Amino acid sequence: MIDRKILRENPEVVIESCKRRGDDIDVMEMVALDKKERELKTKVEELRGERNRLSKECRTNPEAREQVKELKITLGALEHELNDVEASLTEKMGWLPNLIGDDVPDGSDEDSNEELRKVGEIPKFDFKVRDHQELGELLDIIDTKRGAKVAQSGFYYWKGKGAQLCNALFFWVQMELCKRNFTSFITPCAAKEKTLYGTGYLPFFADQTYSLENEDLALIGTSEQTLVGYHADEVLPKEQLPYCYTAFSPCFRTEAGSYGKESRGIFRVHQFHKVEQIVFCAPEDSPKMHQMCLENEEYLLQQLGIPYRVVNVCIGDMGAPGFKKFDIEAWFSAYNGYREVTSNTNLTEFQSRRLNVRYKSKDNERGYVHTISATAVTDRVAIAIIENNQQEDGTIIIPEVLRPFTGFDKIEPVK
RNA sequence: GGAGAGGUGGCUGAGCGGCUGAAAGCACAGGUUUGCUAAACCUGCGUACAGGCAACUGUACCGGGGGUUCGAAUCCCCCCCUCUCCGCCA
């Protein structure tokens, strides 16, 4: 949610941001509604004041009773009008995307993303590499067929040493984040509409959510929803910020409209698993915290020995709630290229305004916190390990850092 | 799933349809006293929005929505949530 004051005082800023995003939004209509709302509010408050005054008179002056009755007719009509205007404006405000950081590249899709750096050495193979789907079957560690049988196409099993690899990865990552002062969470895997709206997933990604029938609940698309929602309607002491949170959770996405896209393997699925980084911080610190999360992501991939590149995501690829976003794309050997594994967004006060998460300092400075939402790792990182660390016979070498948690150093084909 | 209790300010907890934005206590902030600490005493202390340089004024808010009334935290209706007990259960 954008600050109404910006809409009111600098509508050109909002118009420019919508234009850069390629969104066709009638900002001036909203400005007019805002003005109308304020006028109505002033009138309504005046009349209510009058009503309250007269009501107090009623005990001594019976005539006042008739005056109030009359006044209430006018007041009622105005209140109705005000309600309509408010509802309409709130709805439109909910659809308004965030402002955009200055150094966000223009562009409508990922082709316009700006590569910031490449890190790590691309592995060379002198044999024909297998993709993770093929390796998954060969090693009996990924089972998409049974996933489809039991649930639906787009669901899958991690099995055996594959599951152990994932468990090790997710556990290790959470420990690393805890060492960096993140607080560990296990969160609800469902959230109510208010929470999804507050984090910006609604209304923008409504077709991506799995709603539960007859409940005001949906399966979470990411623990960002439950972690940011954690502090809804709270005032955080500024001196104690930043709050850095991490959680491991499944993430559910309908992927409506993307059937047939990247459908091989488990790269794009209905349920994946993620360790998340969430930061609540003072507004002036959010660029720094955004970088901090990025450093964490890079550190993890470096430790795992996965080559990657960091990308400054362009406007068209960013999503309405985002102010600025970095993606990391890991090298996938079978794909012979980089593919997105993490996404790190500075949401500024977009979410905190919707969810009403404020801060207050000792000397009474108040405002809305900024939130950072960043992936630490997902299943995709496990896939990268599998594809990049494969041997000619299909054996997967486990990264050193994970071995204490897997208890083995390689995954071999089933006999 | 069955039965009951309850939702009031940061917390505990009063509240007759108007004098209640809301008693009291705790917590918190400032001050006095005291060798320090503690204690005691005094004072202050909700949020949002609008107006004003400001002291301040107005409006709204006692789970949410509707209703009755000149006037609702207080009466009526609906919904939501929380807690306790029983049953079932990872």
Side-chain angles (χ1 to χ4, degrees), chain A residues 1-9 30-94 150 163 167 186-198 202 211-219 226 229-241 243 248-250 280 283 349 351-369:
Chain A
M1 188 76 71
I2 281 185
D3 188 349
R4 284 263 189 106
K5 244 184 226 149
I6 295 176
L7 183 72
R8 195 174 301 143
E9 291 164 12
M30 294 169 67
V31 173
L33 274 173
D34 174 69
K35 191 169 172 232
K36 179 93 182 155
E37 194 215 289
R38 283 153 57 77
E39 286 167 2
L40 282 169
K41 215 170 198 167
T42 308
K43 268 191 224 159
V44 163
E45 286 188 3
E46 270 171 22
L47 286 180
R48 281 180 185 160
E50 185 65 17
R51 178 200 61 195
N52 292 348
R53 261 193 304 282
L54 286 170
S55 290
K56 276 178 193 152
E57 267 181 43
C58 279
R59 285 204 290 186
T60 52
N61 174 18
E63 275 175 36
R65 201 163 295 193
E66 295 311 310
Q67 292 176 31
V68 177
K69 276 189 184 172
E70 210 164 298
L71 187 145
K72 276 177 69 182
I73 298 170
T74 323
L75 178 58
L78 280 175
E79 281 176 332
H80 261 107
E81 202 183 338
L82 176 61
N83 281 344
D84 290 348
V85 170
E86 267 175 348
S88 165
L89 183 55
T90 304
E91 213 257 325
K92 289 182 200 304
M93 287 295 288
V150 172
N167 284 331
I186 297 174
T187 83
C189 291
K192 53 182 71 171
E193 181 181 334
K194 199 177 122 187
T195 307
L196 299 199
Y197 176 86
L202 293 178
S211 294
L212 301 187
E213 211 172 341
N214 298 324
E215 298 272 4
D216 175 23
L217 281 177
L219 298 180
T226 43
Y230 184 79
H231 284 303
D233 295 316
E234 293 183 21
V235 180
L236 312 178
K238 191 180 184 192
E239 291 74 16
Q240 283 176 31
L241 297 175
Y243 288 176
F248 168 76
S249 83
F280 296 83
E349 53 182 42
Q351 296 180 322
S352 60
R353 277 187 179 274
R354 290 175 166 239
L355 283 167
N356 191 28
V357 187
R358 290 170 294 166
Y359 69 84
K360 183 177 160 185
S361 72
K362 281 226 162 73
D363 49 359
N364 256 338
E365 181 205 339
R366 293 158 184 280
Y368 289 92
V369 300

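Note that this is a predicted model, so its numbers are computed, not measured. A, B, ... follow the sequence lines: proteins, then strands. Residue 1 opens every chain.
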Aromatic ring pairing Y243(A)/F280(A), orientation class (parallel under 30°, perpendicular over 60°, tilted between):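 It falls in the perpendicular class, over 60°.
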
Roughly, in whole Å, what's the span from [atom1] in [X] to [atom2] in [N]?
| X | N | atom1 | atom2 | result |
| --- | --- | --- | --- | --- |
| D233(A) | G10(B) | CG | C1' | 15 Å |
| Y359(A) | G10(B) | OH | P | 20 Å |
| L82(A) | C49(B) | CG | P | 16 Å |
| E234(A) | G46(B) | CD | P | 21 Å |
| K56(A) | U69(B) | NZ | C1' | 16 Å |

Basic-acidic side-chain contact under 4.0 Å: [X], [Y]:
| X | Y | answer |
| --- | --- | --- |
| R358(A) | E234(A) | no |
| E50(A) | R53(A) | yes |
| E79(A) | R48(A) | yes |
| D216(A) | K192(A) | no |

Pairwise C1' distance, C70(B) and U12(B) [rounded to whole Å]: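 Roughly 37 Å separates the two C1' atoms.
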
P gap between G18(B) and A23(B), integer Å: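 My reading of the P atoms in G18(B) and A23(B) gives 16 Å.
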
Identify whether any heavy atom of [X] sits under 4.0 Å from a base atom; if not, whether one sits that close to sugar-phosphate; answer base, sugar-phosphate or nothing.
| X | result |
| --- | --- |
| R358(A) | sugar-phosphate |
| N52(A) | sugar-phosphate |
| R53(A) | nothing |

If you check every side-chain atom of [X], which of [options] has the closest atom?
| X | options | value |
| --- | --- | --- |
| S55(A) | C70(B), A50(B), C49(B) | C70(B) |
| C58(A) | G18(B), U47(B), U59(B) | G18(B) |
| K72(A) | U47(B), A60(B), U69(B) | U69(B) |

Tell which nucleotide pairs with [N], taking only Watson-Crick or G-U wobble pairs whose two distances are both under 3.5 angstrom.
| N | result |
| --- | --- |
| C41(B) | G31(B) |
| G7(B) | C80(B) |
| A23(B) | none |
| G1(B) | C86(B) |
| C70(B) | G18(B) |
| C53(B) | none |

Position toward the 5' end of RNA chain B (nearest nucleotide), R51(A) or E66(A):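 Upstream on the strand: R51(A).
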
Position toward the 5' end of RNA chain B (nearest nucleotide), A64(A) or R48(A):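 The 5'-side residue here is R48(A).
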
Positive for salt bridge (Lys or Arg N to Asp or Glu O under 4.0 Å) with R4(A), one of E37(A), E86(A), E9(A):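 The passing option is E37(A).
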
Phosphate OP1/OP2 of A50(B) contacted by R38(A) side-chain N/O (<4.0 Å):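 The answer is yes; a side-chain N or O of R38(A) sits under 4.0 Å from OP1 or OP2.
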
OP1 or OP2 of A48(B) under 4.0 Å from side-chain N/O of N356(A):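 No.
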
